Structures are given as C-alpha cells and as structure tokens.
Amino acid sequence: SSTDTEGVTPELEKAGLLNKTKIAEGGRKLRKNWNPSWVVLVGNSLVFFKDPKSQNPDSWKPGNSRPESSVDLRGAQLQWANDLSSRKNVFKLRTVTGNEFLLQSETELLIREWYRTIQNVIDRLDKE
Ligand code: I3P
C-alpha cells in the first residue's frame with residue numbers, strides 16, 4: 001500500500017491464536033497439517049507466526065519477529081467450511097493465487113469475529 005512505501009506503520013487490525021492448516025497451494029491440494037498459529041491482521045495482509053514467542057501484538061512490526069508466511073487479502077475469498085473438516089468453527093480463506101487455508105477456533109465467538117474482520121478488509125480492498 002502507499003503507506004508502506006512511505007514507511008508509515010500500517011494499522012494493526014487484529015491478532016490472536018487460531019488453528020491453521022494450508023489445504024492448497026496454487027490450486028494444488030495439500031495434505032492437512034493442523035497447527036496453532038499466531039495470526040495477525042495488519043494492513044492488507046494476514047500474517048502467520050508459528051513461534052510461541054511471537055504471541056504478542058507487536059510481533060508483526062518490521063524486524064520484531066519472522067513470520068512463517070503472509071497472505072495478501074486483495075481479491076481473497078472467505079467462506080464457512082464446516083464441510084471441509086471434522087472440526088467445528090472452521091472457515092476457508094482462498095487467495096487470488098489459489099492458496100487455501102482453513103482457520104479454526106474452539107470458541108465460536110472468536111472465529112466469528114475473525115471472519116467478520118477479515119471480510120471487512122476484503123470488502124474494503126474490493127472497493128479500491
Ligand atoms: C488427516 C488428519 C486431519 C483431518 C483429515 C485427515 O489425516 O486427521 O486432522 O482433518 O481429514 O485426512 P492424516 O493426519 O493422516 O493426514 P480435520 O481435522 O480437519 O478433520 P480429511 O481428510 O477429511 O480432511
């Protein structure tokens with residue numbers, strides 16, 4: 001975004017612990033491997049950390065901690081995906097590049113908040 005190129009720190013929207021598995025890479029199906037992940041929504045990106053030390057809201061700041069991966073939310077799609085897992089409270093995130101992730105929480109309220117917040121970012125980017 002323009003704020004990045006100006007060196008301005010983008011806004012932290014949300015951070016928390018979710019269970020995550022990647023199920024497709026570039027449209028190619030992957031074997032599931034569920035792991036807890038510290039998930040940070042900042043600017044136009046969803047950033048994943050696996051290091052438990054990364055579990056604080058400042059983790060995402062440049063240089064503070066190395067993310068496992070990062071997802072560009074522009075053009076991404078969200079859908080509830082309880083049909084794709086034996087777990088409850090699961091949604092699927094699909095990127096424009098055909099990467100697919102399932103995100104899950106034991107706490108329904110928490111996963112609903114994540115869904116709503118990520119969808120808001122996607123909607124905002126769609127209007128740009
Ligand atoms: C998978 C593992 C996953 C499970 C998946 C299994 O087995 O048990 O946890 O997904 O189900 O195939 P393996 O460890 O042998 O790869 P869920 O926990 O989301 O149900 P699936 O094949 O029906 O997706």
Side-chain angles (χ1 to χ4, degrees):
S1 72
S2 60
T3 51
D4 291 335
T5 54
E6 287 159 20
V8 174
T9 304
E11 196 181 338
L12 174 67
E13 307 244 14
K14 193 169 177 60
L17 195 63
L18 293 176
N19 296 312
K20 183 197 77 163
T21 182
K22 194 173 187 180
I23 60 166
E25 166 92 43
R28 261 191 69 176
K29 198 166 180 275
L30 297 175
R31 185 169 180 178
K32 274 182 185 162
N33 181 23
W34 284 104
N35 281 116
S37 182
W38 181 252
V39 184
V40 177
L41 180 58
V42 59
N44 304 344
S45 297
L46 201 59
V47 186
F48 301 120
F49 297 85
K50 60 179 169 187
D51 185 350
K53 291 199 297 289
S54 302
Q55 292 173 21
N56 79 72
D58 286 339
S59 308
W60 62 276
K61 288 181 180 167
N64 276 14
S65 182
R66 216 165 73 97
E68 180 188 22
S69 61
S70 171
V71 167
D72 183 0
L73 292 175
R74 192 178 293 275
Q77 295 179 321
L78 269 195
Q79 60 183 88
W80 290 107
N82 290 317
D83 55 328
L84 295 183
S85 176
S86 60
R87 296 178 177 223
K88 59 181 180 182
N89 308 328
V90 182
F91 64 74
K92 182 173 84 174
L93 172 66
R94 186 186 193 282
T95 69
V96 281
T97 56
N99 294 341
E100 297 183 357
F101 302 85
L102 299 184
L103 294 170
Q104 188 262 346
S105 169
E106 289 305 308
T107 308
E108 185 179 349
L109 179 63
L110 211 143
I111 202 72
R112 285 188 173 281
E113 286 173 356
W114 272 102
Y115 187 99
R116 182 166 42 92
T117 309
I118 295 171
Q119 188 63 61
N120 284 345
V121 172
I122 293 171
D123 290 346
R124 165 168 60 74
L125 293 169
D126 279 349
K127 290 189 201 111
E128 279 181 11

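Note that these values count all heavy atoms, side chains included, but never hydrogens, waters or copies made by symmetry. We count ligands from 1, going down the list as the structure has it; atoms in each ligand are counted the same way. Worth saying up front: this structure is predicted, and the values here are computed from it rather than measured.
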> Nearest 0.5 Å, what's the CG-CZ distance between Leu17 and Phe49?
Replying inline: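 The distance works out to 13.0 Å.
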
Verify the contact flag for [atom], where contact means a protein heavy atom under 4.0 Å away.
atom                    : answer
atom 7 (O) of ligand 1  : no
atom 12 (O) of ligand 1 : no
atom 17 (P) of ligand 1 : yes

> So, do Asn89 and Trp114 sit near enough that their side-chain heavy atoms are less than 4.5 Å apart?
Replying inline: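 No, their side chains stay 4.5 Å or more apart.
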
> Any side-chain heavy atom of Leu125 sitting closer than 4.5 Å to one from Leu73?
Replying inline: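 They are in contact (side-chain heavy atoms under 4.5 Å apart), so the answer is yes.
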
> Identify the closest protein heavy atom to atom 9 (O) of ligand 1: which residue and atom is it, and at what distance?
Replying inline: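 Looking at atom 9 (O) of ligand 1, the protein heavy atom closest to it is Trp34 CD1, 3.6 Å.
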
> Among protein heavy atoms, which sits nearest to atom 15 (O) of ligand 1, and what does the distance come to when rounded to 0.1 Å?
Replying inline: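 Here the nearest protein heavy atom works out to Arg31 NH2, 3.0 Å.
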
> Can you name the closest pair of heavy atoms from Pro36 and Asn19 and give their distance?
Replying inline: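 Taking Pro36 first and Asn19 second, the nearest heavy atoms are CA-OD1, 3.8 Å.
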
>> Going by the closest heavy atom to atom 24 (O) of ligand 1, which one wins out of Lys29, Arg87, Gln104, Lys32?
In response: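 That would be Lys32.
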
>> Check this for me, if you would: do Arg124 and Glu13 make a salt bridge, where the nitrogen-to-carboxylate-oxygen distance has to be below 4.0 angstrom?
In response: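 Judged by the 4.0 Å cut-off on N to carboxylate O distance, Arg124 and Glu13 do form a salt bridge.
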
>> Show the atoms of ligand 1 that are less than 4.0 angstrom away from any heavy atom in Ser85.
In response: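 Those of ligand 1 that fall under 4.0 Å from Ser85 are 17 (P), 19 (O), 20 (O).
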
> For ligand 1, which atoms sit closer than 4.0 Å to a heavy atom of Ser86?
Replying inline: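 Under 4.0 Å from Ser86, ligand 1 has these atoms: 17 (P), 18 (O), 19 (O), 20 (O).
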
> Going through the distances and angles, do Lys20 and Asn35 end up as a side chain to side chain contact (heavy atoms under 4.5 Å, CB included)?
Replying inline: CA-CA 5 Å; Lys20 183 197 77 163; Asn35 281 116; over 6 Å; no

